Amino acid sequence: MSDQDILNPKHMPHNPEKATLEGKNKFIGFWFFLGGETVLFASLFGTYLALRNSVNDGKSSEELFGLGLVFIMTMLLLTSSLTSVYAMYHMKNNDFKKMQLWLGITVALGLGFLACEIYEFYHYIHGYHFTMRSSAFGSAFYTLVGFHGGHVVFGLLWIVSLMIRNAKRGLNLYNAPKYYIASLYWHFIDVVWVFIFTVVYLMGVL
Amino acid sequence: MSTIAANKRGFGSALWDYITTVDHKKIAILYLVAGGFFFLLGGLEALAIRWQLIQPMNDFVSAGFYNELITMHGTTMIFLAAMPLIFAFMNAVVPLQIGARDVAFPFLNSLGFWLFFFGGIMLNVGWFTGGAADAGWTAYAPLSTTSAGEGVDYYVLGLQISGAGTLIAGINFLVTIVNMRAPGMTYMRMPLFTWTTFVVSALILFAFPALTVGLFLMMFDRLFGAGFFNADMGGNSVIWQHLFWIFGHPEVYILILPAFGIFSEIISTFSKKRLFGYTAMVFATVLIGFLGFMVWAHHMFTVGMGPAANAIFAVATMAIAVPTGIKIFNWLFTLWGGNIKLTTAMLWTLAFIPTFTLGGMTGVMLAAATADYQYHDSYFVVAHFHYVIVGGVVFGLFAGLHYWWPKMFGTMLNEKLGKLTFWLFFIGFHLTFFIQHFLGLMGMPRRYWVYLEDQNLDLGNFISTIGALMMGLGTIVLLYNIVLTCIKGEKVGGDPWDGRTLEWAISSPAPFYNFKQTPLIRGLDALWVEKSEGRKGLTPAEPLGDIHMPNGSILPIIMSFGFFVAGFGFIYQKYDLSWLTLIFIGMGISLATMLIRSVKDDLGFHIHKEDLDKEAGE
Amino acid sequence: MKDWMGKIRTLSLFILMTIVLSACGRENLTALVPKGYGAEESFRIIIISILVMIFVFIVVMAIYVYVLIRYRQKKGQENMIPKQTEGNHTLEVIWTVIPILLLIIIAVPTVATTYDLADESEKEDSINVSVTGMQFWWHFEYEDEGIQTSQDLYIPTGEKVYVNMLSSDVLHSFWVPSLSGKMDVNPENENSMYIEAYEEGVYWGKCAEFCGDSHSLMDFKIVAVSPEEYEEWVSDMQNLDGETTPDTTTAQEGQELFENSCLGCHAVGNTPSVGPNLSNFGDRTMIAGVLEYNKEELVEWILDPASKKPGNGMLGADYLQDDTIGEDEADKIAEYLMQLKPSDITPDSAQ
Amino acid sequence: MAEEVSKTTEQYDYEKQKNKEEMKQQVISFALMIIFTIIAFGMVISDLNSLFVIPVILVLAAVQIGFQLYYFMHMSHKGHEMPALMFYGGVFTAFLTILALCALVWW
Ligand code: HEA
Ligand code: HEA
Ligand code: CUA
Ligand SMILES: [Cu+2]
């Protein structure tokens, strides 16, 4: 397949993200990467679980967490997962405009999530003087949730730069895999969050 | 661009070529040179350690410096010498063995190397800023979190950066092997070195994240006042030990499995037989990889985990002896009935079998938890792991070096000098480490800067030091051999050893596009299959056509340099927050290069059919 | 299990003899001449596993040597192509099953001893000692008896003594090779194990977990005396009086100097804050765990502890900065310290 | 690969139809995820016995992950064998890691 074919938006097969060898490589490689990420987050979760009662006279999880905000955050992120599925749906139908639109919605929801998280941290630090240095629990909490937050930030940057870069030239076999793995990444962020709200927040107030 | 024989270029352009290369064969050479350098550095540190221990209460180095020496010796050897040297051979050989034109992600391949390289430099910067890391290569908290100065910070950031490079390399090889095999190269026809690369890459993928997290936690403790390992803040230092060994035990199999692969290739080549029990060998490799994740706590028998955990981990650890034994016996039976030719590469391989068996057996002895209460943290453990690491990994690397040198450079290392190196190193090795088993049992703990007089430890340590000096001599002969070969080595053809696998089917050194036509693989030991049917070359799987090649890129080195710079910012902000600017600069550089990379389309170039034809005519 | 253990014991005795005869190790230090319960249990496993390993090694080497001699390339046969065998199922089964059986031989006693050595059922009724590891010395407190010592731990022979260990800084590890295997000393959770000495003697202990500059000099001793002597020692220590004035005048002057410069960290008769308890310093086997016990060494230690043990906790002492203690003063203090012998039971009793 | 490029209209319609059906499933699984989330939060708020609640919410989380993986990330589709292998490899290691670090607290 020549370069022209790859960059030409007209030639779109059914699974554009896996039509070229480069695309296949990216797709498989990214899944492998997610396998590694699973271990990464598991290490953080494990550390958190080991230290979640080590509050050392500081604030404990029961005193800190409020479920309302967490519920809103969860809804935002879950919904953004669905919207990115919509984006991929339109990618498969070769409808670039709609894909960009749904990705835009995804980004907006992600930003909403991030805003809540920043508010939450701000609240803990200034309202409760609960920081990374308060106790081992504090260190573990901020590190786990912060790592996830960092992933959200990176994911948003990634999707946004893809959207801007390709706004003019539409979908092609060169960038379809990029879009696809960005959306995989976004789902993975959601996967991690499901465990965070369960293990950190829900189990934290029990 | 498609002028293949780019001979007679200036030094500047050759350097530029290597800095920007994404060709797996050149990256292999980069890994070989950098890893070789760090091996010499680590070896020098080892010699200093041994010299300090030549007599009781010696004062060759101070206590603090000794601790830096052992820490940096261990860290350098494992992360900066052994692993990169392994990557050197993986890069040089694996794409050739599976009939691929390159790895799956050439750009990332280069990035992986440069990350490792700058990480390695970072680790060693400590020497010049008032003290390198001094908490052991295992960096147990709280010694590491309370260690003064910046040594341990360099350890943390250096490993973090080079670890990222390793992870990238691992994913790259996984995808290469899954997706890039030539037609007919089924999984069960892959040469064993490719198989071990595959399994090892999976181990890297699952083991390194645990180290990454551990290092982050340590960084937060040391640099940002977090309390993960700080008992006063409710932290728990044992968490570090778990994270480190969840990574650390698979790590030792990451080191040894490729060596197993190398030995498998060499044994079958030089006894002119196909590998005995190929299927069992593959199965054993996978099983070792799998079991490798379930035994990490055997490094922690004395931590106080309780009898249940100790018993479980003891038994699980012993289980690994079974697949490893399968390998040993299969090698022996490959030799059985063969036509064994004693080249240097084969000598290293043959020396490996009894040496590694000894090391593995002491491993099983260590696995017996209650006996380990005595061995643990004594020289018995030092002896064990040098038997498996030097006797397994280093022997393997030396064997691979002699075996694949012709393929990588097109010349032949001198066999006479090679054998001299072998005997010096081999005898020196056993002198150094055999006696250490007894030293350990006689009550000499490891990481001891001095030992007291009158403890019957003098003679053993003396012998050990003499052995280390012999190893040093052997290494110097090897260096001489390499220099000699580079100056006036004899040129060799594509297949100097009468090889069996694909890499020997093309010229030495391989053309930059590897295979003119992707070959069709018709069985295990693909080249041997063709040879035994009387054919000269490989059966092509496709007509001659244009070859697509990736472009070189300067971005990987810049990106890695950005992280390197940011590392200093992270460390020194603990003294003065104005250093934070360095973080922004460094991260800025890295993110900017990432952005350039993702925004600029890089579709590579094509070598045209006509050019390939022309070359064939030459 | 016990009766085949008996056979192994005779065999191990034999091996032990050879090892001892080849002069392997200093008697009160080496793990190869066990003098206590834990060390003996470990040693048994060591012997069992060595025997298995010798067997394995012989098998491997036999095949190896045979193959190398028999199948080495001969002159004129460079191009001979041997038969390309694929494998052999029977063989493969054999070398899978036999190692498994061999491993079971090691695994069963290992698991049994693992539980045995972690046994705490008698802990309540035994002597309990709280051990504190510090950079770079050891402190021992007999809480029930209300006494404490540093560096030298006194125990009765033939009895289980539980040591409960906690670190006050970094990790250490408590290891007395000839009595028992080691156990880590962690800062956050207490570890405990028991030791039991069969014979009287002074056993060498070492710190086996990397703990900083003087990790290699963090030695201690276990003084095992007969139960009667132990009782006597305990009551002597309980009745000790830190205030007694020494007999000689130099020692009296030494006492005064000591009270001025040293008591901030050390203690005689009560609990110290930073340094070792010196109540029975006169009966120490060694100074600071590693220096020969004599006056010159002691004076040198007092004058320049850094040269003896890099980075040790005494380097922060004020007197080292303001030079109030010279050779003469140190000499007097040494005189005072060396006569602190509250008990007749000393390491010499442990013969 | 080139033959994929020129598609007949039938094929095109067929694929479009298939995509649509798949999308329907995605929406259903999304709805289920939302419901599970609400159940989980609800159980925690309603002060039930935590020994009962914790396992249930963990199971709910696991099922949600299943939805994400198999519907949103298409892990059931063809060509996902290797990804699944490596991902579950990660999950296995993850499981061991978490188990070990939790065990730290119990002992
Ligand atoms: C290449 C590296 C490498 C390899 C391959 C191994 C292989 C093994 N290791 Fe080793 N190990 C290290 C590197 C390695 N190790 C390092 C670096 C450390 C120390 C880290 C530190 O603390 O700094 C260490 C420490 C270490 C410990 C902890 C000791 C302690 O600190 O107290 C233990 C305990 O179980 C152990 C066990 C084993 C076992 C059972 C194997 C097995 O895989 C061996 C299997 C092989 C055989 C058994 C031989 C062949 C088999 C047969 C011929 C079949 C028949 C055999 C039998 C029936 C026995 N190792
Ligand atoms: C791949 C891993 C690897 C390798 C190859 C080696 C190789 C060697 N090691 Fe290493 N070692 C470790 C990994 C390794 N080691 C680890 C992980 C530790 C634990 C660290 C810790 O406790 O934290 C350790 C610890 C360790 C100790 C214990 C220190 C202590 O506990 O106090 C000792 C002591 O004898 C030792 C010795 C040696 C020797 C003599 C070699 C020899 O084989 C080296 C042979 C090489 C040479 C001799 C090279 C000679 C170089 C030249 C001749 C230079 C020429 C120079 C120029 C031209 C510039 N090592
Ligand atoms: Cu204390 Cu080593
Ligand atoms: Cu291990």
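Below, chains carry the letters A, B, ... as their sequence lines are ordered, and counting in each starts from 1. Since we're looking at a predicted model, the values are computed, not measured.
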Hey, which of B/Thr302, B/Leu452, B/Leu332 has the most heavy atom pairs under 4.5 Å with chain C?
B/Thr302
Checking heavy atoms, do the side chain of B/Leu143, its backbone, both or neither come under 4.5 Å from chain C?
both
Per-residue tally against chain B (heavy atom, under 4.5 Å) across C/Cys207, C/Ser192, C/Ser214 peaks at C/Cys207
By a 4.5 Å heavy-atom criterion (distance strictly below it), what part of B/Ser532 contacts chain C: side chain, backbone, both, or neither?
neither
Residue C/Asn191 versus chain B: region with a heavy atom under 4.5 Å
side chain
Engaged part of C/Asn28 at the chain B interface, taking heavy atoms whose separation is under 4.5 Å:
neither
Non-hydrogen atoms of chain C under 4.5 Å away: do they reach the side chain of B/Ala284, the backbone, both or neither?
neither
Let me know if B/Ala368 has heavy atoms under 4.5 Å from chain C in its side chain, its backbone, both or neither.
both
Report which part of B/Val450 has an atom under 4.5 Å of a heavy atom belonging to chain C: side chain, backbone, both, or neither.
both
Looking only at B/Asn236, B/Asp232, B/Asp498, B/Thr138, most heavy-atom pairs under 4.5 Å shared with chain C are made by B/Asn236
Any ion pair linking B/Asp377 and C/Lys182 (charged N to carboxylate O, less than 4.0 Å)?
no
Are B/Tyr375 and B/His384 an aromatic pair, judged by ring center distance below 6.0 Å?
no
Donor-acceptor pair, distance only, cut-off 3.5 Å: does the side chain of B/Lys531 make one with the backbone of B/Arg500?
no
From B/Thr362 OG1 over to B/Gln436 CD, what is the distance, rounded to the nearest 0.5 angstrom?
11.5 Å
Aromatic ring centroids of C/Phe210 and C/His215 under 6.0 Å?
yes
Using non-hydrogen atoms and a 4.5 Å limit, figure out which bit of B/Asn330 sits close to chain C: side chain, backbone, both or neither.
both
Show the numbers, then the answer: is there a salt bridge (Lys or Arg N to Asp or Glu O under 4.0 Å) between B/Arg274 and B/Asp525?
CA-CA 8 Å; B/Arg274 69 171 272 167; B/Asp525 289 346; 5.8 Å; no
Among B/Asn230, B/Thr357, B/Leu350, B/Val364, which has the most heavy-atom pairs under 4.5 Å with chain C?
B/Leu350
C/His172 side, atom NE2; C/Cys211 side, atom SG - distance, nearest 0.5 Å:
5.0 Å
If you apply the rule side chain to side chain contact (heavy atoms under 4.5 Å, CB included), what do you find for C/Met80 with B/Lys272, and how did you get there?
CA-CA 9 Å; C/Met80 193 269 282; B/Lys272 284 196 192 295; over 6 Å; no
Which region of C/Leu91, side chain (C-beta onward) or backbone (N, CA, C, O), has a non-hydrogen atom less than 4.5 Å from a non-hydrogen atom of chain B, or is it both or neither?
side chain
Out of B/Leu335, B/Thr334, B/Ile340, return the one with the most heavy atom pairs under 4.5 angstrom to chain C.
B/Ile340
Contact part of B/Ser237 toward chain C, heavy-atom cut-off under 4.5 Å: side chain, backbone, both or neither?
both
With a 4.5 angstrom heavy-atom cut-off, is it the side chain or the backbone of C/Glu92 that approaches chain B, or both, or neither?
side chain
Aromatic ring proximity B/Trp497/B/Phe270, centre distance under 6.0 Å:
yes
Residue pair C/Tyr37 / C/Tyr194, side-chain heavy-atom distance below 4.5 Å
yes
Please tell me whether B/Tyr373 and C/Trp175 form a close aromatic pair, meaning their ring centres lie under 6.0 Å apart.
no
Step-by-step salt bridge (Lys or Arg N to Asp or Glu O under 4.0 Å) determination, B/Lys341 to C/Glu78:
CA-CA 8 Å; B/Lys341 187 171 174 200; C/Glu78 282 78 8; over 6 Å; no
Please report the closest heavy-atom contact between B/Thr146 and B/Pro142, naming both atoms and the distance.
OG1-O, 2.7 Å
Output the distance between atom CG (B/Leu439) and atom CD (B/Gln455), rounded to the nearest 0.5 Å.
11.5 Å
Where does C/Met183 contact chain B at under 4.5 Å (heavy atoms): side chain, backbone, both or neither?
both
Against chain B, label C/Ser167 side chain, backbone, both or neither, depending on which of its atoms sit under 4.5 Å from a heavy atom there.
neither
Using the benzene-type ring in the case of Trp, are the ring centres of C/Phe174 and C/Phe220 under 6.0 Å apart?
yes
What part of B/Asp134 gets closer than 4.5 Å to chain C, counting heavy atoms only: side chain, backbone, both or neither?
backbone
If we define contacts as heavy-atom pairs under 4.5 Å, which of B/Leu457, B/Asp454, B/Thr279 has the most with chain C?
B/Asp454
Looking only at C/Ala118, C/Pro99, C/Pro177, the option with the highest number of non-hydrogen pairs under 4.5 Å against chain B is C/Pro177
Between C/Val185, C/Ile106, C/Leu171, which has the largest tally of heavy atom pairs under 4.5 Å with chain B?
C/Leu171
Among B/Trp528, B/Phe301, B/Tyr278, B/Trp331, which residue forms the greatest number of heavy-atom pairs with chain C at distances under 4.5 Å?
B/Trp528
Compile the donor-acceptor pairs under 3.5 Å between side chains in residues 304-312 of chain C and protein atoms, sequence neighbours left out, one pair per line.
{"residue": "C/Asp304", "atom": "OD2", "partner": "C/Ser307", "partner atom": "OG", "Å": "3.3"}
{"residue": "C/Ser307", "atom": "OG", "partner": "C/Asp304", "partner atom": "O", "Å": "3.0"}
{"residue": "C/Lys308", "atom": "NZ", "partner": "C/Glu297", "partner atom": "OE1", "Å": "3.3"}
{"residue": "C/Lys308", "atom": "NZ", "partner": "C/Glu300", "partner atom": "OE1", "Å": "2.7"}
{"residue": "C/Lys309", "atom": "NZ", "partner": "C/Phe136", "partner atom": "O", "Å": "2.9"}
{"residue": "C/Lys309", "atom": "NZ", "partner": "C/Leu217", "partner atom": "O", "Å": "3.2"}
{"residue": "C/Lys309", "atom": "NZ", "partner": "C/Ala288", "partner atom": "O", "Å": "2.9"}
{"residue": "C/Asn312", "atom": "OD1", "partner": "C/Met314", "partner atom": "N", "Å": "2.7"}
{"residue": "C/Asn312", "atom": "ND2", "partner": "C/Pro305", "partner atom": "O", "Å": "3.4"}
{"residue": "C/Asn312", "atom": "ND2", "partner": "C/Lys309", "partner atom": "O", "Å": "2.9"}

Which answer fits C/Leu117, side chain, backbone, both or neither, if we ask what part of it has an atom under 4.5 Å from a heavy atom of chain B?
side chain
Find the one option among C/Pro187, C/Gly38, C/Ser178 whose heavy-atom pairs under 4.5 Å with chain B are most numerous.
C/Pro187
So what's closer than 4.5 Å to chain C heavy atoms on B/Leu342: side chain, backbone, both or neither?
side chain
Per-residue contact mode, B/Gln241 against chain C (heavy atom under 4.5 angstrom):
side chain
With a 4.5 angstrom heavy-atom cut-off, could you sort out which part of B/Leu459 is near chain C: side chain, backbone, both or neither?
neither
